[in-house]
Amino acid sequence: MHAGTQQFTTTDKDLEFLARHGVTAKNENSITFDRDRGWDVTELIEKKEKCARFGVNMEMVAIPTHALNRDGSSVPAYMRGDFTAGDEEIELVCKLIRQTAEAGIPAVKYFLCEMENQRTESVPPGRGNSSYSTWDLDKADDSPRYDEPVTAQMNWERITHYLERVVPVAEECKVRMACHPCDPWLPPGFRGVDRVLGGPDGFKKFIDICPSDYHGVNLCLGCMAEASTDPRNQVPEIIRYFGSRNKIFLCHFRNIVGGQNKFQEVWPDEGVMSMYRNIRALKETGYPHMIVPDHAPGHEDSDAYQAWAYEFGYIQAMIQAVTEAEAA
């Protein structure tokens with residue numbers, strides 16, 4: 001396992017910053033996307049080769065799920081039950097997977113969410129006047145998201161429809177597919193939706209649909225904590241469940257204070273989880289991929305690189321600590 005990122009471009013400045021902080025892998029988000037043609041394979045290869053010159057492996061690329069819907073919604077038609085338009089979107093996803101394989105990139109990340117991520121106002125300020133991404137169910141907009149309720153059964157039908165068409169292509173191309181949770185976990189029926197991929201129980205069902213070595217999860221430790229009643233003890237066991245089955249293809253490494261229905265995303269050393277225990281669980285299962293600080297608290301300093309430097313250093317120290325402990 002190694003430190004990675006999904007936040008930086010392929011400019012010399014950004015790649016030097018990553019190399020300087022021991023980040024040896026990245027997920028690439030900034031690929032030119034066309035709804036008809038997908039990606040330009042030449043661009044993918046050129047960016048991958050440039051990253052390699054700085055010692056950074058572009059080992060994953062993000063499917064632009066939020067941009068698939070031609071009607072402008074950030075939710076794809078296939079997750080809204082419109083399979084006429086949705087199957088066109090799914091064919092485009094299959095094209096992106098083939099282009100990923102052609103460029104020699106071994107993995108993609110994506111999500112299957114029925115509505116947007118939910119957050120509320122970030123108050124109060126945190127350590128050193130940091131701004132923390134916040135969710136408080138009692139203060140949230142609870143107006144219905146759609147005209148008609150979306151049940152769990154409907155969600156699973158839409159997810160299965162997608163997987164049955166996409167996973168065989170991923171297997172044929174030998175491209176791992178890492179699905180991110182829907183953030184945050186929500187009580188059933190919130191805004192008229194039964195969210196099914198917000199936590200570990202949904203993911204356990206999810207990995208058994210279309211079983212394949214190329215069908216797995218982007219295990220976000222923050223999301224798992226948000227779905228737990230005892231994050232400190234439950235999240236390491238969640239890691240072991242999916243890790244022992246070789247289903248973790250990307251790990252998002254962040255901490256929270258709080259839990260279900262009320263939490264803030266905080267610096268990794270000040271939350272409710274022991275990030276050492278979490279990374280030890282990853283090590284125990286033989287996890288071989290990126291550990292990524294997907295989010296960092298905001299702050300007023302003009303240079304946001306400061307926050308990422310702290311996150312990368314923390315991850316590097318945790319990896320070294322569990323590695324040294326195992327060797328002792």
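No hydrogens, no waters, no symmetry mates; every other heavy atom, side chains included, goes into these values.
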- Item | Lys50 NZ: over 12 foreign heavy atoms closer than 6.0 Å | yes
- Item | Reference residue Gln6; test side chain to side chain donor-acceptor pair (under 3.5 Å); the match among Lys109, Lys26, His295 | Lys109
- Tell me yes or no: between the side chains of Glu157 and Gln153, is some donor less than 3.5 Å from an acceptor? yes
- Query: Are the ring centres of His215 and Phe206 closer than 6.0 Å?
  - Reply: yes
- If you look only at pairs with a residue in residues 235-259, which of them pass as a ring pair (Phe, Tyr, Trp, His ring centres under 6.0 Å), with sequence neighbours excluded? His180-His252
- Task: Give me the ring orientation class for Phe190 and Trp135: parallel if the planes are under 30° apart, tilted from 30 to 60°, perpendicular past 60°.
- Result: perpendicular
- How are the rings of Tyr305 and Phe8 set to each other: parallel, tilted or perpendicular (split at 30° and 60°)? tilted
- Here the gap from Tyr78 atom OH to Phe83 atom CZ, rounded to the nearest 0.5 Å, amounts to 11.0 Å
- Message: Nearest 0.5 angstrom please: His289 NE2 to His2 NE2, how far?
- Response: 8.0 Å
- Task: Run the salt-bridge test on Glu284 and Arg240 with the 4.0 Å N-O cut-off and return the result as yes or no.
- Result: yes
- Query: Residues two or more places apart in sequence or in another chain: which of them pass ring pair (Phe, Tyr, Trp, His ring centres under 6.0 Å) with Tyr314?
  - Reply: none
- Task: Give a yes-or-no answer on whether the side chains of Glu28 and Ser30 include a donor-acceptor pair shorter than 3.5 Å.
- Result: yes
- Item | Distance-only polar pair, side chains of Thr9 and Asp14, donor-acceptor under 3.5 Å | yes
- Asp36 atom CG: more than 12 heavy-atom contacts under 6.0 Å: yes
